[in-house]
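Residues: numbered from 1 along the sequence shown. All values below come from the heavy atoms of this structure, side chains included, with hydrogens, waters and symmetry mates left out.
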Amino acid sequence: MPRRLAALSLAPVVLLTACSAASGEPSTDPTPVASVPASWLTSTAEGWPDSDGYGSSAPVLSNADCVLTDEVTVHGATGRTDMSGWGPYGDDTSATDAYRYVCEFRGDELSAQLQVIQAGSASDAAQTVDLFLDQPTNGDQENETTTVQLGDVDVHVNQRWYPKPEYGAATAMLLDAAANAVVVLEVTSLEADAFEEYTPEAVAADLMRALNQG
């Protein structure tokens, strides 16, 4: 499996300051779930073969509604669908059983992306997680990856800081081994204070909140 599968981010940079979390985290704790909602897998699988991204080399996004959810609340802010679309996952860009579906969300104080990845096999799904956990630090980016346990559910979280131009991103990933699927929530463009405040536990909880909407 090519290492390019580890490149999960598509979101542009719109810097978010610490005041973006001024409203605080949602007061209710999400219910931990260990699987991708069946409705998400069904709707993305049905839309993939007829999508503009089918057979392309990368996801093709448009301003169509997100089939997963209309909005997400992350880091204390809520955003609605901005763009969405399908793309291939793996070497065979026309495989009907392997694809990714991407939704981007924007709000006054939010820049986020929710992604469902349908891998073609259990080994491909597992390797996707392995690549996520093995993101090295270099001169361009500092990566710190950890696994957060919510109830009996393991959520993998990567916090990435870009020294230049000094902003960060936080990403949470859940593997649904039974479905050979992965769901990813990425919150981007975090300025230093917001990045420090957004703990791995909070990122993982925000992914659970998104899944609870399925």
**Asked** Given T171 and L185, is the side-chain contact (heavy atoms from CB on, under 4.5 Å) satisfied, shown in steps?
**Response** CA-CA 6 Å; T171 308; L185 173 69; over 6 Å; no
Where [X] and [Y] come nearest, the two heavy atoms and their spacing:
X    : Y    : answer
A98  : G120 : CB-N, 3.8 Å
L61  : G85  : CD2-N, 3.4 Å
L174 : S35  : CD2-N, 4.1 Å
S56  : P88  : O-CG, 3.1 Å
P200 : V157 : O-CG2, 3.6 Å
D140 : P163 : O-CD, 3.3 Å

Heavy-atom side-chain contact between [X] and [Y] under 4.5 Å:
X    : Y    : value
V102 : R100 : yes
Y198 : V203 : yes
T73  : D206 : no
V182 : F132 : no
Q141 : Y162 : yes
V183 : I117 : no
Y101 : Q115 : no
V153 : V155 : yes

Have [X] and [Y] got a donor and an acceptor in their side chains that come within less than 3.5 Å?
X    : Y    : result
Y89  : D124 : no
Q213 : T69  : yes
T145 : N158 : yes

Any side-chain to backbone donor/acceptor pair from [X] onto [Y]? Under 3.5 Å, distance only.
X    : Y    : result
T81  : M83  : no
S84  : A64  : yes
W40  : L68  : yes
N212 : M208 : yes

For the atom pair [atom1] ([X]) and [atom2] ([Y]), what is the distance rounded to the nearest 0.5 Å?
X    : Y    : atom1 : atom2 : answer
F105 : L110 : CZ    : CG    : 9.0 Å
L41  : Q118 : CG    : CD    : 6.0 Å
C66  : E71  : SG    : CD    : 11.5 Å
Q159 : N143 : CD    : CG    : 10.5 Å
M173 : E186 : CE    : CD    : 10.0 Å
Y99  : S94  : OH    : OG    : 15.0 Å

State whether the number of non-hydrogen atoms from other residues, nucleotides or ligands found under 6.0 Å of [X] atom [atom1] is greater than 12.
X    : atom1 : answer
D152 : CG    : no
D97  : CG    : yes
E144 : CD    : no

**Message:** One pair to check against side-chain contact (heavy atoms from CB on, under 4.5 Å): E142 and R160. What are the steps and the verdict?
**Reply:** CA-CA 5 Å; E142 302 167 2; R160 174 177 296 167; over 6 Å; no
**Request:** List for me each residue that meets side chain to side chain contact (heavy atoms under 4.5 Å, CB included) alongside D52, sequence neighbours excluded, and say none if there are none.
**Result:**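 Scan of D52 (side chain to side chain contact (heavy atoms under 4.5 Å, CB included), adjacent residues dropped) gives V60.
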**Message:** Test side-chain contact (heavy atoms from CB on, under 4.5 Å) on L175 and H156; report intermediate values, then the result.
**Reply:** CA-CA 9 Å; L175 169 65; H156 308 299; 5.5 Å; no
**Asked** Would you call the rings of W48 and Y54 parallel, tilted or perpendicular, where under 30° means parallel and over 60° means perpendicular?
**Response** perpendicular
**Prompt:** Got a salt bridge between E104 and R106, using NZ or NE/NH1/NH2 to carboxylate O under 4.0 Å?
**Reply:**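 Salt bridge present between E104 and R106.
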